[in-house]
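Read the structure below first, then the notes.
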2 protein chains.
Amino acid sequence: MRDVAQHAGVSTATVSRVLNGHAAPTQATRTRVLAAIDELGYRPNALARSLRTTSTKTLGLVISDLLNPFFAEIARAVEDEARSHGYCVVIGNADENAEQEATYVRTLLDRRVDGLLLCPATDDPSLVREVVAGGVPLVLLDRTVRGATCPVVRADGADALTQLARRLVGAGHTRIGVIAGPADTSTGRERLDAFAAALGPLLSQDLVVHGDFRQDSGSQAAAVLVERNATALVAMDNLMGLGALAELRRAGLRVPDDVAVAVYDDQPWFPLVDPPVTVIAQPTVEMGRAAARSLLALVNGDQPEDVHLSARLVVRASC
Amino acid sequence: MRDVAQHAGVSTATVSRVLNGHAAPTQATRTRVLAAIDELGYRPNALARSLRTTSTKTLGLVISDLLNPFFAEIARAVEDEARSHGYCVVIGNADENAEQEATYVRTLLDRRVDGLLLCPATDDPSLVREVVAGGVPLVLLDRTVRGATCPVVRADGADALTQLARRLVGAGHTRIGVIAGPADTSTGRERLDAFAAALGPLLSQDLVVHGDFRQDSGSQAAAVLVERNATALVAMDNLMGLGALAELRRAGLRVPDDVAVAVYDDQPWFPLVDPPVTVIAQPTVEMGRAAARSLLALVNGDQPEDVHLSARLVVRASC
DNA sequence: AAGGAGTGTGTAATCGATTGACTAGCCCCT
DNA sequence: AGGGGCTAGTCAATCGATTACACACTCCTT
């Protein structure tokens, strides 16, 4: 910057003013400075700038699992929305692991992100409290924590799950197996609760198996449930659904004749599976965008409302 | 930091030394400082530190499309490897768009990442030159550019494509349609060239359609190729493959009876599709890890070799 | 002609760390 | 007692920007 100033015969203050679009500098100096800038190929040091201004124009996004296309889509939407407002997004991958999540959150805070978007790995509120106590704008995405003290953006699947339950019961299923998410995540619990409520006494405890939102756990759960004579399987997450489908295929069971299947989260390939899979589709893009918008509002000092979107049932041939 | 120093009754220099594990401070002062640190809940400002040390312990990764699970997997692997070496990864999503790619690269450079991993959207070398000229360690991943002047990590699919070609010819196909990647990407060109070489005169020009590595382009290309009486379709990317499969299903064509299908890039769900899809599987995790390792070597002043891995053919029922 | 208003620039403090140069204190030796 | 050799710690410059304040100048007003 000093070089630029020298080159243009002005002080660094003037260069800075030109760079930041202040009113002060004359048209003449302005062009002189700009000429110097691209003659020297100067690029401002964002670290120094941020250090001084205490603003990084960066948002942090800590998601549970980058390999889960649901989160990849969300990340993509967040990034889009943020970029359109001049913000950058740093993505952290927690791998469904509370410890790694905490590490990432702290790293991002150390780097002074202007705000943080978090899909919490568990519903333990301590990390959230830590961030909020540190005064950093925080918005929770997809999942919440106990007694959350910050805005939350999520999609409600209760209606869709109720419809699904009705449909399965209507088709004569009496032994419906559930591959639920972890009991210590809000989505894991809520989806199960909503489905259980819709099913009432028809749902027997031994047909509920908790997975970890990953493919393998879906396979294992499916094996267990089939063993217990379930005639329908509902996987509460697309990766566990994938695992369940793989297991059914491995076991030589036919869908939906032997076992009906439905999965939470739609994916582009679900219609192509044999048979096409009934799903509950979440508005991922809207969730991501809304979360980014809420966070930016918070960063700008507003107090955004929680956002509640809805998932919807998409019936295909698998049940 | 000043507060901590005061609290512990030492100077900021000493605090810094404790923080950075210098030999100097006594065990006594050390514990005093550490006590002060967590009493005050002090966290060092990474911006200031980086400004001073000119090292951010951060790598930049600019990928072509975060929604493409191939790149998501790579990102995940890069992140894993980097983290295990104490580095953070900032992911930028170029959306297969050269301009957005350049913007992201510059943003990352401005933030002084210690090194950059790039999956170039086109084979135009100007951006690469710009980075190299700036003296920032750069490694290309998956794709290369014309006259690349930096290490490259990629997977070679020529053998697998040759096997695939042989197999299709052996099955009696004479009109084999290719859904190729963009001609201005190295992977787009190389995969097509390798396949064309293996097929020889059997490949007619009107059965080669270029897509853009996205689902929709795969559908459109498939429609065109079917129209031209192709009896086999090879999609050079998983998303275009997905699009092609969707189009075939929409058109009511049966795989492999009416049209045989093979796709470049394996995905966990390809075995579940009706019928299971023959693919060319790339060692994504190894690519990501190798790229991160190469970049870290470069950052540490070594001169890593290019890394060439191999893709392999996985035959399933679709052809 | 003096004083005031309004502009355009420059000077220097500042953000929060790191680190080279220096100093104070201690021990030991002659 | 004085000096050499260590150590543990302090001082202050530095990284590269931003910005409050001061200054110089022009142009008006009275």
Side-chain angles (χ1 to χ4, degrees), chain A residues 1-37 40-58 86 88 106-114 134-136, chain B residues 1-37 40-58 86 88 106-114 134-136:
Chain A
M1 185 157 167
R2 195 159 35 223
D3 295 347
V4 173
Q6 230 147 29
H7 210 80
V10 297
S11 74
T12 61
T14 302
V15 175
S16 170
R17 287 197 264 261
V18 169
L19 241 43
N20 294 289
H22 277 244
T26 330
Q27 193 53 45
T29 35
R30 190 181 298 274
T31 51
R32 211 143 31 92
V33 169
L34 291 175
I37 283 177
L40 273 64
Y42 163 80
R43 308 234 70 209
N45 182 322
L47 296 174
R49 189 205 296 270
S50 295
L51 177 59
R52 185 61 237 249
T53 59
T54 64
S55 140
T56 51
K57 287 289 183 181
T58 302
C88 229
R106 297 207 183 94
T107 307
L108 291 173
L109 295 186
D110 286 352
R111 290 168 191 233
R112 299 302 191 262
V113 292
D114 292 344
V136 177
Chain B
M1 184 156 168
R2 195 160 36 223
D3 295 349
V4 173
Q6 229 147 30
H7 209 80
V10 298
S11 74
T12 62
T14 302
V15 175
S16 171
R17 294 209 177 93
V18 169
L19 241 42
N20 294 288
H22 276 246
T26 329
Q27 192 54 43
T29 36
R30 191 180 297 274
T31 52
R32 211 143 32 91
V33 168
L34 290 175
I37 281 177
L40 273 61
Y42 163 80
R43 307 234 69 206
N45 183 321
L47 296 175
R49 190 206 296 271
S50 296
L51 177 60
R52 185 59 236 250
T53 59
T54 65
S55 141
T56 50
K57 288 287 183 184
T58 302
C88 228
R106 298 209 181 94
T107 306
L108 291 173
L109 295 186
D110 287 353
R111 290 168 191 236
R112 298 302 190 266
V113 290
D114 292 344
V136 177

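So that the names make sense, note that chain A is the first sequence line, chain B the second, and so on, each numbered from 1.
Counting atom types as modelled, R17(A) pairs a side-chain N or O with a base atom of dG10(C) as donor and acceptor under 3.5 Å.
Along DNA chain D, the nucleotide nearest to T26(B) and the one nearest to A48(B) differ in position, and the one closer to the 5' end is contacted by T26(B).
No engagement by V15(A) is indicated, since no non-hydrogen atom pair under 4.0 Å with the nucleic acid exists. T53(B) comes within contact range of the sugar-phosphate backbone alone, with a heavy-atom separation under 4.0 Å but no base atom that close. Residue contacts for T29(A): at a heavy-atom cut-off of 4.0 Å it reaches the sugar-phosphate backbone alone, with no base atom in range.
The side chain to side chain contact (heavy atoms under 4.5 Å, CB included) test with S50(A) singles out one residue from D114(A), T56(A), T58(A), N45(A), and that residue is T56(A).
An OP1 or OP2 oxygen of dT18(D) is reached within less than 4.0 angstrom by a side-chain nitrogen or oxygen of N20(A). Within the structure, a side-chain polar atom (N or O) of T14(A) is placed less than 4.0 Å from OP1 or OP2 of dG10(C). OP1 or OP2 of dT18(D) lies within a sub-4.0 Å distance of a side-chain N or O belonging to R49(A).
Here the nucleotide nearest the side chain of A13(A), chosen from dT19(C), dA17(D), dG10(C), is dG10(C). In the set dT18(C), dG16(D), dT9(C), dG16(D) carries the atom at the smallest distance from any side-chain atom of N45(A). In the set dG9(D), dT14(D), dA17(D), the nucleotide with an atom closest to the side chain of R52(B) is dT14(D).
Residues passing the salt bridge (Lys or Arg N to Asp or Glu O under 4.0 Å) test with D3(B): none are found, sequence neighbours excluded.
Between the R32(A) side chain and the A8(A) main chain, a donor and an acceptor come within less than 3.5 Å of each other.
Between L47(A) and L51(B), the shortest heavy-atom contact is CD1-N, 4.2 Å.
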